[in-house]
Amino acid sequence: MHWIDKVSEALAKKGGKQVIASGISISGHVHIGHANDVFIADAIRRSLAERGAEGEAIWYADDYDPMRRVPWPLNKDALAEYYTHYLGFPYINIPSPDPSHKNFVDYFQRPFVDSLPAFGINVKIHSGAEVYRSGKMAGLTRTALERAGEIRKILNKFRKEPLPEEWLPYDPLCEKCGRIATAVAIYWDGNMVKYKCVGNDYVSGCGHEGEADFTKGQGKLTWRVEWPARWKLLGVTCEPFGKDHAVLGGSYDTGKLIAKKIFKKDPPHPIPYEWVSLKGEAMSSSHGIIFTLPQWLEVAEPELLRFLIFRSKPTKAKDFDPGMPFLDFYDEYDLIEEVYHRKAKAAKSKVAQISRIYELSQTGNVGKKMPQKPSFRFAAVLCQAVKGDEEKAVNIMKKRKVLARPTKADIEVSMKRLILASEWVELHAPANLRFSILDRLPGEVKSRISEKQRWGLKHIAMDISSKDFAAIDLHNHIYSVAGKAGIKPGEMFQAIYLALLGRTSGPRAGTFLTALDKDFVVKRLNEAAD
RNA sequence: GGGCCCGUAGCGCAGUCUGGCUAGCGCACCGGCCUUUUAAGCCGGGUGUCGUGGGUUCGAAUCCCACCGGGCCCGCCA
């Protein structure tokens with residue numbers, strides 16, 4: 001059984017409505033590593049639905065947390081100084097670097113959230129700032145303040161240096177300087193927490209002493225207490241989280257105890273997961289080593305990212321490389337699709353597992369028929385040869401038997417893939433895979449073509465204009481022309497590539513030439529031969 | 001100091017929870033074919049001390065213990 005289904009089975013067995021929580025701190029661009037969180041939560045929701053259990057997936061933006069570091073690209077040049085001023089501010093209160101977004105949070109969060117539907121993700125979105133400001137957290141905050149002593153004892157079990165006697169689990173928002181990370185709560189009474197803005201290790205305080213109304217969001221619970229409080233507030237029964245929280249004595253450990261003892265809440269079923277790296281490097285919002293959901297959708301089908309996440313166990317580290325290895329990755333996905341549709345063979349013991357991974361990779365329901373489409377590898381060449389001419393592309397794919405009596409849907413899927421491939425070639429493909437037809441034939445290129453090669457080009461041009469070659473026949477024909485010209489086939493091919501691409505290699509010549517406009521090819525070959 | 005993950009073919013991995021066919025898959029590679037350059041074709045081939053050592057067992061990649069190597073997380077701050 002797939003791990004997603006094991007979790008949903010365990011949850012369903014407990015009974016009642018299941019709430020699967022996910023979420024992150026909006027500390028910069030939200031990248032595909034963060035997608036783990038929501039994708040897992042949503043997949044469990046889906047699995048629960050399949051077994052008839054009630055479930056809801058949520059995504060919680062920690063947008064009321066303080067900015068501890070200025071993230072990329074705001075840490076560059078003039079912006080850096082401007083944003084350094086906002087260290088310690090709750091993200092939600094930091095301005096956007098561009099006027100088309102409401103604020104810092106909107107700027108970083110929107111591209112992520114807006115992309116979720118394209119990945120088939122259906123989650124309810126919550127905002128930490130909204131939760132605090134609306135007073136929804138007030139009751140639980142009061143409980144936490146009342147029982148600060150017990151909470152302190154729980155936390156101290158895991159700390160080297162115990163928290164001070166008068167410690168309170170509350171981070172007030174300094175009314176004077178606007179920071180939420182610099183004020184220390186001193187005591188509380190009624191709805192008010194008295195504080196002093198003393199600063200912390202990354203930003204200094206303003207020294208202000210004031211009072212924060214915790215029913216109005218003038219501060220927030222400290223993380224280790226906030227998390228279990230949130231479980232209680234939203235009735236969270238399951239939550240995937242990064243390995244940083246999963247450490248013994250980490251926030252899940254203390255959260256578990258606080259949830260049970262203070263908030264009378266069963267802690268959620270944990271799903272710790274590993275990070276996703278980018279070309280072997282850890283992704284980092286603050287350093288700009290990221291790959292975002294919109295970036296993904298530019299060059300790949302959404303199913304592929306789901307596949308990346310669900311193909312292996314959550315505790316397995318995953319690496320994503322949008323370069324050459326991406327083609328293999330695509331092939332693997334296509335293969336499991338074929339296995340699912342019984343078009344490819346796999347070990348009997350594997351078919352069920354592979355099929356389930358395929359299902360989980362889908363953004364919606366699985367189609368009954370497997371769509372016909374080119375491999376991504378092929379698409380990456382074809383799109384360059386036809387330069388956006390759909391009809392030509394379809395014809396070539398028919399000739400190549402990639403498409404056999406294609407339906408509208410087949411063509412749609414294939415075109416989509418061609419567009420993605422063309423973006424991929426542009427953005428991520430290694431240079432040697434990229435080619436483009438020369439608009440003009442520069443003299444410098446022409447001069448690299450020998451007398452004998454010219455003779456050959458001229459004859460090929462003549463033959464093409466007088467006859468419609470099938471790709472393979474043309475390919476063969478080039479060999480015979482090379483023979484007549486008294487040169488090696490390789491030299492003949494090189495001349496063709498030079499004339500069209502300005503370099504000595506390219507896609508398989510017969511298919512390549514037949515994929516191009518005939519008149520253009522004839523004209524160009526003649527031009528090179530003269 | 002504490003914890004987690006990983007170690008299986010040249011590379012990337014599945015299989016480990018729940019011990020049981022002859023340890024699989026993709027790519028690469030090798031051989032052959034397509035008169036056929038090429039990262040777009042086809043067929044065939046497994047190239048392996050399952051990190052090491054010990055234990056449990058009729059039986060271990062799988063469970064237990066120790067160790068080695070790699071990566072990561074936490075350690076007042078997600």
Side-chain angles (χ1 to χ4, degrees), chain A residues 1 3 6 23-25 27 62 65-66 68-69 88 155-156 158-164 167 171 181 200-203 222-224 226-227 241-255 272-275 277 280 282 311-319 321 324-325 327-336 339 344-350 353-354 357 374-382 385 396-397 400-402 429-430 432-433 435 471-472 474-480 482-483 488-497 504-512 515:
Chain A
M1 203 193 282
W3 53 273
K6 280 179 202 165
I24 62 146
S25 191
S27 58
D62 282 310
D65 288 8
R68 353 181 107 265
R69 252 187 314 197
L155 295 179
N156 280 345
F158 300 93
R159 294 170 66 97
K160 226 184 329 192
E161 250 177 72
L163 293 161
W167 175 86
D171 298 334
N200 60 27
D201 56 340
Y202 62 89
V203 62
T222 56
W223 164 246
R224 283 189 184 238
E226 173 179 304
W227 203 18
F241 47 84
K243 59 177 173 182
D244 49 337
H245 298 309
V247 177
L248 201 71
S251 50
Y252 181 73
D253 251 18
T254 54
Y273 60 82
E274 256 285 357
W275 309 134
S277 52
R311 75 204 288 227
S312 57
K313 280 177 290 196
T315 48
K316 193 95 181 174
K318 298 154 195 79
D319 184 53
D321 188 334
M324 199 60 129
L327 294 178
D328 293 338
F329 179 56
Y330 238 108
D331 283 346
E332 281 174 44
Y333 174 76
D334 284 351
L335 183 71
I336 69 156
V339 170
K345 273 182 274 177
K348 254 188 201 151
S349 53
K350 299 290 159 58
Q353 184 77 350
I354 290 172
I357 290 170
S375 70
F376 201 81
R377 208 177 285 277
F378 178 33
V381 174
L382 183 61
I396 294 171
M397 286 189 283
R400 293 277 306 166
K401 307 243 161 54
V402 168
N432 65 328
L433 226 69
F435 65 85
I472 186 68
L474 177 56
H475 195 80
N476 291 338
H477 188 67
I478 294 169
Y479 278 87
S480 67
K488 285 188 208 147
E491 292 176 82
M492 195 65 256
F493 284 108
Q494 289 182 358
I496 292 168
Y497 295 128
T504 55
S505 63
R508 195 176 175 107
T511 20
F512 180 48

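Below, read A as the first sequence line, B as the second, and so on, with proteins coming before strands; counting in each chain starts at 1. Here the structure is a predicted model, which means the values were calculated and not measured.
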If the P atom of B:U38 is compared with that of B:C50, how far apart are they to the nearest Å? 38 Å
I want to verify a distance call: between B:C77, B:U37, B:A78, whose nearest atom is closest to the A:S25 side chain? B:A78
With rounding to the closest Å, how many angstrom separate the P atoms on B:C6 and B:G32? 42 Å
How many whole angstroms separate atom CD of A:Q494 from atom C1' of B:U36? 15 Å
Given the P atoms of B:C33 and B:C13, what is the spacing between them in whole Å? 36 Å
Counting side-chain heavy atoms from C-beta on, which of B:C25, B:U37, B:C72 comes nearest to A:W275? B:C72
Taking atom types as they are modelled, is there a donor-acceptor pair under 3.5 Å from the base of B:U38 to the side chain of A:Y497? no
Side chain A:K316 and base B:C5 donor-acceptor under 3.5 Å: no
Do any side-chain nitrogens or oxygens of A:K6 fall under 4.0 Å of OP1 or OP2 in B:U18? no
A:D244: salt bridge (charged side-chain N to carboxylate O under 4.0 Å, His left out) partners, not counting sequence neighbours: none
With respect to the phosphate group of B:C77, does any side-chain polar atom (N or O) of A:R159 fall under 4.0 Å of OP1 or OP2? yes
A:V203 backbone acceptor or donor facing A:N200 side chain under 3.5 Å: yes
Where the side chain of A:V381 is concerned, which of B:A78, B:A40, B:C74 is the nearest nucleotide? B:A40
From the options B:A78, B:A39, B:G26, select the nucleotide whose nearest atom is closest to the side chain of A:D62. B:A78
Report the nucleotide, chosen from B:G26, B:C73, B:G71, that has the shortest atom-to-atom distance to any side-chain atom of A:E274. B:G71
Listed nucleotide nearest any side-chain atom of A:K243, set B:A14, B:U37, B:C72: B:C72
